[in-house]
Amino acid sequence: MAGGMEASRAGGQNPQSFEALIIGAGFSGLYQLLSLRDRLGLSTRLLEAGAGVGGTWYWNRYPGARCDSESHSYCYTFSKDLLEEWEWTERYPAHPEIRRYLNHVADRFELRRDISFNSRVVAAEYDEEVNHWRIATENGGAFLAKYLIAAVGCLSAANVPSIPGLASFAGRWVHTGEWPHEGVDFRGTRVGLIGTGSTGIQAAPVIAETAGHLTVFQRTANYSVPARNGPLSRDFLGYLKKNHAAIRQLMHATPNGHAFAIEDRSAFDVSTDERLAIYEKAWEKGGLQFRASFRDLLVDKAANDTAADFIRGKIRQIVKDPATAAKLSNIDHPYAAKRPPIDTDYFETFNRDNVDLVDVRAEPIEAITPAGIQTRAREYPLDIIVFATGFDAMTGPLLRLNIRGRQGRSLAQAWQAGPRNYLGLQVAGFPNLFTVTGPGSPSVLCNMPVAIEQHVDWITACIEHLRSRGLERIEPLPDAVEGWVEEVNAAAKATLLPQAHHSWYLGANVPGKPRVFMPYAGGMAHYRGICDDIARRGYAGFRLSR
Ligand SMILES: Cc1cc2nc3c(=O)[nH]c(=O)nc-3n(C[C@H](O)[C@H](O)[C@H](O)COP(=O)(O)OP(=O)(O)OC[C@H]3O[C@@H](n4cnc5c(N)ncnc54)[C@H](O)[C@@H]3O)c2cc1C
Ligand SMILES: NC(=O)c1ccc[n+]([C@@H]2O[C@H](COP(=O)([O-])OP(=O)(O)OC[C@H]3O[C@@H](n4cnc5c(N)ncnc54)[C@H](OP(=O)(O)O)[C@@H]3O)[C@@H](O)[C@H]2O)c1
C-alpha cells in the first residue's frame, strides 16, 4: 500500500502534492481511492466536503430515506470477501444502514487515513506548464495532483428554489438533501412539503405520522409503485451468499444494472386480460421491477400508456377523496420518463385526516411569507417547510468545483450550452480530469453502484495504461466529443425519456439551465462494451501524450 507522498505543507500557500486527487467520499470516491492507492500504488488524497463518508447517504437523512435499488444490488461487487461478510437486513435499507455499510467499507479497506473531511473544493485549475492540477479547498487547503478525479455525485448539489420571501419565514425550513443530523421534530407542527419526486414520495408518509398537519405542494403529479419493503429472510440471504457471481453477471448484462431481467415481450404480445394480470402481479411484488414487465415500455408510447393507465387506476382506487385522487392521477408524462419513484403508503397517506394536497399548477406558489406559503389562492400557515425539490443534477456538482482547464478556460464556458464530453468521462481541454458517472454516461439511468464500479475500473485501467507507457496526459479529441454528444442525443431520442419535458434529466428543474438530456440512455451493458472497445483500441478518440 502506498502512503501519501506528501510534500511540504507550511501554511495554506505550500500545496500538498499527490499523484492523484479525488473529490467526494461516496460510493464513487471510496472505490476510486482504494483502486488508485492499493491497486496502482499511487499517492492519493480524497477531499470530502462532509464530515464523514457516505455521500448521498451522509446528506440525505430525511424521514423515509432509503434506496430503491434492492439491497443485494445496491452495493459494491469488486470484493468477494466484502460481499460475503456484509448482510443487509431489508429489501431496501434505510439511510443509517447504507451509511453503516459505507463506513464499514472505509474501515475495512483503511481508506480514512487518506481522506480529508470538511474539505470542500472551491477551485481546480490546470497548470499546463507542469501538467498539474492545483486544487483549493474552502478551508484554505492547497493541493497539487497530476490526476484529478471528480467523484462528486450526480445528485449532491441541493436545489432550493428561489421563492420570494424565504428569508422572511418565521418558522424553520430544510432541504431533504442537506438534512440536519440531529433530525427534525415534526410532532404537532404544521408542515408544508414542496415536491413529489422520489424524495417527497418517500418523506410524506413518514412526516404525516407525527406532524400535526401536512400539506403536500404538488407541481407535477407522479407515478409511484409500492416498494413492498420488508426484512430479508434467512433463505434469501443464504441464496445471495451462494449466487454472488450470477447476480453480478445479471447486473452487468441488463441495460439498467439491476438484478432483474427485462421481460422480452411487448405489451401487445399478450391479451388485455393477460397484461392486466402481469401488471397486477408486478404491483403486488413491488419495486422498480414493475418497469421491466415489458420490453417496450420506454420506447413505445402506446405500450407505455398501458402501464400508465394501470397506475392511474390504482391511484384512483387507493385515494378515497375523488378530487384529491384526480389531482394525484392527472399525470402528464409517460410512465418512467422521469425517474420512477417507489413508495410505502404514499397514496394511502392522502386518506389521513391530517394530510392535504395542493395542486401548485392550479394555484402557483407566489411567495413565502413569515407565516407560511402564499399561493395564488390563499396563504397556508406553516411551522416547517420541507423542500423536497431535488438537485441541480449531474452538471451542478461539477460546475460548483470552478474548474479551469487549458488557457484558463472554465468548465462553465465549455459547457455553456450543456455538458459536452467523451463517454461521460473526460472533457476536451481538461487533461487528466476524470468524472465518475459524469453527464453522457448511463449513471442515473442505472443502478448506480454498477455504473460507478465500471467507471472507476475504467479510469484506473486508463491511468495504469498511461503510467506503464511513460505517458503523462490524456484528454479527448474534439471530434470524439462531437460524436459522443450526438450519440447521447440519439440514444435519448430513441426513448420516451425526453417527453417528460420538466424532468431533471433534461435540466428543466433549474431555471436557466440548458435543456439537454444529460445521461446516456443507450443502456449500461451496451455502454460498457463501447468503453471496453475504446480502451482495447489504445484509447481511440483520446490524445495520449508525454
Ligand atoms: C435520496 C437518494 C436516494 C437514492 N437512491 C438510489 C438508489 O436506490 N439506487 C441508485 O442506484 N441510486 C440512488 N441514488 C443515487 C445516488 O446518488 C447514488 O446511488 C450513489 O450514492 C452516488 O454515489 P457517488 O459517490 O457517485 O456520489 P455521492 O454519493 O453524491 O457522493 C459525492 C460526494 O462528493 C462530495 N462533494 C461534492 N462536491 C464537493 C466539493 N466541491 N468538494 C468536496 N466534496 C464534494 C459530496 O459531499 C458527497 O459526499 C439516490 C440518490 C438520492 C439523493
Ligand atoms: N430511494 C431512491 O432511490 C431515491 C430517493 C430519493 C431520490 N432519489 C434520486 O434523486 C432524484 C431526485 O429526486 P428528488 O425527489 O429529490 O427530486 P426531483 O425528482 O427533482 O423532484 C423534485 C420535486 O420538487 C418539485 N419542485 C421543484 N421546484 C419546485 C418549485 N419551485 N415549486 C414547486 N415544486 C417544485 C418538482 O416538481 P416538477 O416535477 O414540476 O419539477 C418535483 O416534484 C431522483 O429522481 C432519484 O434519482 C432516489
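Residues take their numbers from the sequence shown, with the count starting at 1. Order of appearance sets the numbers: ligands from 1, and atoms from 1 within every ligand.
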At the 4.0 Å heavy-atom cut-off, does Gly177 count as touching ligand 1?
no
Proximity flag Cys446 to ligand 1, non-hydrogen atoms under 4.0 Å:
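Yes, that is the case, since the closest heavy atom of the residue is under 4.0 Å from the ligand.
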Heavy atom under 4.0 Å from ligand 2: found in [X]'s side chain, backbone, both, or neither?
| X | answer |
| --- | --- |
| Thr389 | both |
| Tyr74 | neither |
| Pro161 | side chain |

Taking atom 24 (O) of ligand 2 as the point of reference, which of Gly195, Ser503, Ala203 owns the nearest heavy atom?
Gly195
Only heavy atoms count here, so choose which of Thr199, Thr220, Ile365 is nearest to atom 13 (O) of ligand 2.
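The residue whose heavy atom sits nearest atom 13 (O) of ligand 2 is Thr199.
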Among Gln249, His244, Arg248, which residue satisfies the side chain to side chain donor-acceptor pair (under 3.5 Å) criterion with Thr77?
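Per the side chain to side chain donor-acceptor pair (under 3.5 Å) rule, the option paired with Thr77 is Arg248, out of Gln249, His244, Arg248.
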Looking at atom 42 (C) of ligand 2, what's its closest protein heavy atom, distance included?
Thr196 N, 3.9 Å
Do me a favour and list the nearest non-hydrogen protein atom to atom 28 (N) of ligand 2 with residue, atom name and distance?
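The answer is Arg219 NH2, 3.5 Å.
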Polar contact flag for Trp59 and ligand 1 (N/O pairs, less than 3.5 Å)
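Min N/O separation from ligand 1 is below 3.5 Å for Trp59.
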Taking distance alone, with no angle check, do Arg66 and ligand 1 share an N/O pair under 3.5 Å?
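No.
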Region of Ala151 engaging ligand 1 - heavy atom pairs below 4.0 Å
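Backbone only.
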